[in-house]
Amino acid sequence: MEKTLAILYATSEGQTKKIADHIADQLHRYNYDVHKLKGKSVFTDFDLKAYEGAIIGVPVHRGEYPGYMKKLIRHYRDELHQMPSAFFSVSLTEAEEDEMKRQEIQQIINRFLSDVDWHPTVIASFAGAVPFSRYGFIKKLIMRSIMRRRVGEVDVSKDYEYTDWVSVDEFVDQFESHLAVARAAGEQRHPSAP
Ligand SMILES: Cc1cc2nc3c(=O)[nH]c(=O)nc-3n(C[C@H](O)[C@H](O)[C@H](O)COP(=O)(O)O)c2cc1C
């Protein structure tokens, strides 16, 4: 039986998409077929029930996640609760060494999930990137001043990536083990004919 998963994501500068691509590649190794969809392009006639599991990834911008992803999750909440589902957050704060600062992201995640009333099977928070080459003038100024506060003066002709790919792989392994359990339970309920 074909195993198909959905990854729905939002991205402004591409790091969440890069993480979604990496997750899809890892899931291919487990023989899953993966459909990646940009949250903005998903409409209400999208059939999430057709999938065996779903992953939703969102980046933090100005202290919050995109509103359209909130709407999307609320719309598909019942379907999400009937399958293994996972949530991942992407932010610069997750790259902070200070545990107290990283707690801010946990609060943003908790507020978001409680607001949309979704209880994903697996939740993860990944550090993102600061790709100065992709920013326009205003974003460059904002991010330069944020980076100055974090790490001091930075070279804005460079791109900075903080994602810990090992923890992304661990997230995939964790999610895959939930998928395997759900699949085994489904096969027990509906044994296939010999
Ligand atoms: C305008 C702007 C605002 C941001 N605001 C925050 C923020 O409030 N908290 C945070 O932790 N990271 C913030 N970031 C960092 C992003 O979360 C990080 O760059 C992430 O990799 C973006 O993912 P994306 O490329 O998929 O959009 C901000 C980035 C930009 C460009």
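Note that ligands are numbered from 1 as they come in the structure, with each ligand's atoms numbered from 1 the same way.
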Please identify each residue that fulfils side chain to side chain contact (heavy atoms under 4.5 Å, CB included) with M143, with sequence neighbours left out. L92, V130, F132, Y135, I146
Is any NZ, NE, NH1 or NH2 atom of the basic residue among K101 and E104 found under 4.0 Å from an Asp or Glu carboxylate oxygen of the other? no
Which atom pairs, donor and acceptor, lie under 3.5 Å between side-chain atoms of residues 61-73 and protein residues at least two apart or in another chain?
unit_1	atom_1	unit_2	atom_2	d
H61	NE2	E13	OE1	3.3
Y65	OH	S89	OG	2.8
K70	NZ	D115	OD2	2.8

Taking a 3.5 Å cut-off between nitrogen or oxygen atoms, can you list every pair linking ligand 1 to the protein, with distances?
unit_1	atom_1	unit_2	atom_2	d
ligand 1	5 (N)	R62	N	2.9
ligand 1	8 (O)	R62	N	3.4
ligand 1	8 (O)	G63	N	2.7
ligand 1	11 (O)	L92	N	3.2
ligand 1	11 (O)	T93	N	2.9
ligand 1	11 (O)	T93	OG1	2.5
ligand 1	12 (N)	L92	N	3.2
ligand 1	14 (N)	V60	O	3.4
ligand 1	17 (O)	V60	O	2.6
ligand 1	19 (O)	A129	O	2.6
ligand 1	21 (O)	A129	N	2.9
ligand 1	21 (O)	A129	O	3.4
ligand 1	25 (O)	E13	N	3.2
ligand 1	25 (O)	G14	N	3.0
ligand 1	25 (O)	Q15	N	2.9
ligand 1	26 (O)	T11	OG1	2.5
ligand 1	26 (O)	Q15	N	3.4
ligand 1	26 (O)	T16	N	2.8
ligand 1	26 (O)	T16	OG1	2.6
ligand 1	27 (O)	S12	N	2.7
ligand 1	27 (O)	E13	N	3.1

With sequence neighbours excluded, tell me which residues meet side chain to side chain contact (heavy atoms under 4.5 Å, CB included) with Q107. none
Min side-chain heavy-atom separation F88-I23 under 4.5 Å: yes
When you compare the side chain of M147 with that of R150, does any pair of heavy atoms fall below 4.5 Å? yes
